[in-house]
Amino acid sequence: MSAVADPVSTALAARGPYSLEDADSYRGWRERKLRGYPNTVEELLVEVRDPRSLSRAERSALADRCRRANMAIYASRIEAADKDIPRSVGRQCGLHSLDSNWLADDDGISSIELSAQPERGEFIPYSNRPISWHTDGYYNPPQRRVRSMILHCVRPAVEGGENALLDHELAYLLLRDQDPDHVRALSAPDAMTIPARFDERGVAREEQAGPVFSVHADSGRLHMRYTARTRSIRWRDDGRTRAAVACLETILASSQFVLTARMRPGMGLLCANVLHNRSGYSEDPEYPRLLYRARYHDELNLF
């Protein structure tokens with residue numbers, strides 16, 4: 001199946017910081033990005049009284065973190081297993097269009113926990129195995145791109161389960177600094193293809209080809225779709241793409257800009273679908289790990 005054109009994104013912008021032809025815009029953006037990027041995960045934290053009802057100051061603080069790093073972590077004392085928490089945070093940040101994928105709960109929000117259900121248990125998020133670097137929904141068609149995400153912690157693991165985080169704009173910047181050709185290769189319309197998935201009824205999800213980097217035509221914001229998986233993925237078979245993928249893997253393995261967060265009850269990650277992974281974990285059967293994940297087609301609207 002050939003690549004599907006995204007009606008609201010282009011692989012490379014004609015002008016602006018993400019255009020390979022607009023060096024002046026890139027230099028100014030790069031300077032601002034590096035100057036404002038947090039040095040520690042603590043700089044992402046915003047203490048909030050109740051995430052279901054953010055104050056103006058709390059929302060402003062979340063906006064500041066998201067402006068600098070495309071992500072923020074709110075921390076509250078609200079430890080209830082209440083899906084209205086991430087849903088309310090989303091509404092307050094301009095997020096309404098949930099990505100109701102087939103493994104999500106009926107309300108469109110996924111309960112991320114160890115699962116004995118056959119249809120869930122075979123997928124790594126519902127196991128206690130480590131999850132490699134990715135952005136969410138990398139297998140979605142263009143009209144259902146996941147542009148924002150909330151990951152809310154109800155109960156953490158006893159050991160492990162940390163998330164490493166990297167702003168996708170930083171990944172773009174570091175790749176471009178290494179070689180602009182890396183960005184060019186990963187912006188090709190067939191740079192990364194996710195093969196079709198089949199079930200007992202036939203094709204459950206069609207093959208999906210597309211770029212790693214694209215730019216929203218209206219907002220001008222950068223989007224990234226990526227997975228470090230080596231199975232169920234096909235990279236464009238040329239030297240430029242292989243070199244770009246290898247460079248990105250090196251960045252994710254060793255960059256000083258990678259931040260690691262361990263969530264505790266009442267905390268949540270609010271982000272523009274940044275790059276993230278998860279370490280393997282163990283849990284207390286009497287207090288099993290539980291996070292709620294809400295994925296949105298909307299872009300964050302905090303600014």
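Numbering of residues begins at 1 and proceeds along the displayed sequence.
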If I take atom CG from residue Asn140 and atom CZ from residue Arg295, how far apart are they, to the nearest 0.5 angstrom? 6.5 Å
Is there a donor-acceptor pair under 3.5 Å between the side chain of Arg225 and the backbone N or O of Met192? yes
Supply the atom-to-atom distance Leu175 CG to Arg184 CZ, rounded to the nearest 0.5 angstrom. 13.0 Å
Any side-chain to backbone donor/acceptor pair from Glu31 onto Arg27? Under 3.5 Å, distance only. no
How close do His297 and Arg144 get, counting heavy atoms only, and between which atoms? CD2-O, 3.5 Å
Salt bridge (Lys or Arg N to Asp or Glu O under 4.0 Å) partners of residues 278-291, not counting sequence neighbours, each pair once: none
Do Asp50 and Ser53 pair up side chain to side chain, a donor and an acceptor below 3.5 Å, judged on atom types alone? no
Looking at CG of Asp136 and CZ of Arg147, how far apart are the two atoms once the value is rounded to the nearest 0.5 Å? 14.0 Å
Dump the intermediate steps for salt bridge (Lys or Arg N to Asp or Glu O under 4.0 Å) on Asp99 and Arg145, then the final yes or no. CA-CA 8 Å; Asp99 180 52; Arg145 290 193 173 176; over 6 Å; no
Are any of the side-chain heavy atoms of Trp235 and Val212 separated by less than 4.5 Å? yes
Is it true that Tyr37 and Glu43 share a donor-acceptor pair across their side chains at a distance under 3.5 Å? no
Testing the basics here: between Ala171 and Leu248, what is the closest heavy-atom pair and its distance to 0.1 Å? CB-CD1, 4.2 Å
How far apart are the closest heavy atoms of Arg242 and Asp237, and which atoms are they? NH1-OD1, 2.5 Å
Contact between Lys83 and Ser111 at the side-chain level, heavy atoms closer than 4.5 Å - yes or no? yes
Shortest non-hydrogen pair, Leu151 vs Arg293, comes out as CD1-CB, 3.8 Å
Donor-acceptor contact present, side-chain Arg155 to main-chain Leu290, <3.5 Å: no
To the nearest 0.5 Å, tell me how far Met224 CE sits from Leu166 CG. 8.0 Å
State, with a plain yes or no, whether a side-chain heavy atom of Leu173 is found less than 4.5 Å away from one of Leu34. yes
Between Asp22 (side chain) and Gly16 (backbone), is there a donor-acceptor pair under 3.5 Å? yes
Is Gln92 reaching over with its side chain to a backbone N or O of Leu54, donor-acceptor style, under 3.5 angstrom? yes
Given side chains that start at C-beta, do those of Met71 and Arg65 come closer than 4.5 Å, heavy atoms only? no
Looking at every heavy atom in both Ala80 and Ile85, which two are closest together, and how far apart are they? O-CD1, 3.9 Å
Aromatic rings His152 and Tyr74: how do their planes relate, parallel, tilted or perpendicular, breaks at 30° and 60°? parallel
Leu291 vs Cys153 side-chain heavy atoms within contact, under 4.5 Å: yes
Quick check: does any side chain N or O of Ser110 sit under 3.5 Å from a backbone N or O of Ile112, one acting as donor and the other as acceptor? no
Mind checking the CZ-OH spacing from Arg91 to Tyr296? Nearest 0.5 Å is all I need. 8.0 Å
Rounded to the nearest 0.5 Å, what separation is found between the NE2 atom of His134 and the CZ atom of Arg229? 10.0 Å
Looking only at the side chains, is there a donor atom on one of Tyr26 and Asp177 sitting less than 3.5 Å from an acceptor on the other? yes
Backbone of Ser282 reached by a side-chain donor or acceptor of Asn128 within 3.5 Å: no
Is the shortest heavy-atom distance from the side chain of Tyr172 to the side chain of Leu222 under 4.5 Å? yes
Between Gly220 and Tyr18, which heavy-atom pair has the shortest distance, and what is it? O-CE1, 3.4 Å
Under a 4.0 Å N-O cut-off, is there an ion pair linking Asp238 with Arg240? no
Is any side-chain heavy atom of Tyr226 closer than 4.5 Å to a side-chain heavy atom of His168? no
Pair up each side-chain donor or acceptor in residues 256-265 with any protein partner under 3.5 Å, not counting sequence neighbours, and list the distances.
from, atom 1, to, atom 2, distance (Å)
Arg262, NH1, Gly160, O, 2.6
Arg262, NH2, Ala157, O, 2.8
Arg262, NH2, Val158, O, 3.4

Do Tyr281 and Glu159 come close enough that some side-chain heavy atom pair is under 4.5 Å? no
Do the side chain of Ser279 and the main chain of Gly161 share a donor and acceptor less than 3.5 angstrom apart? yes
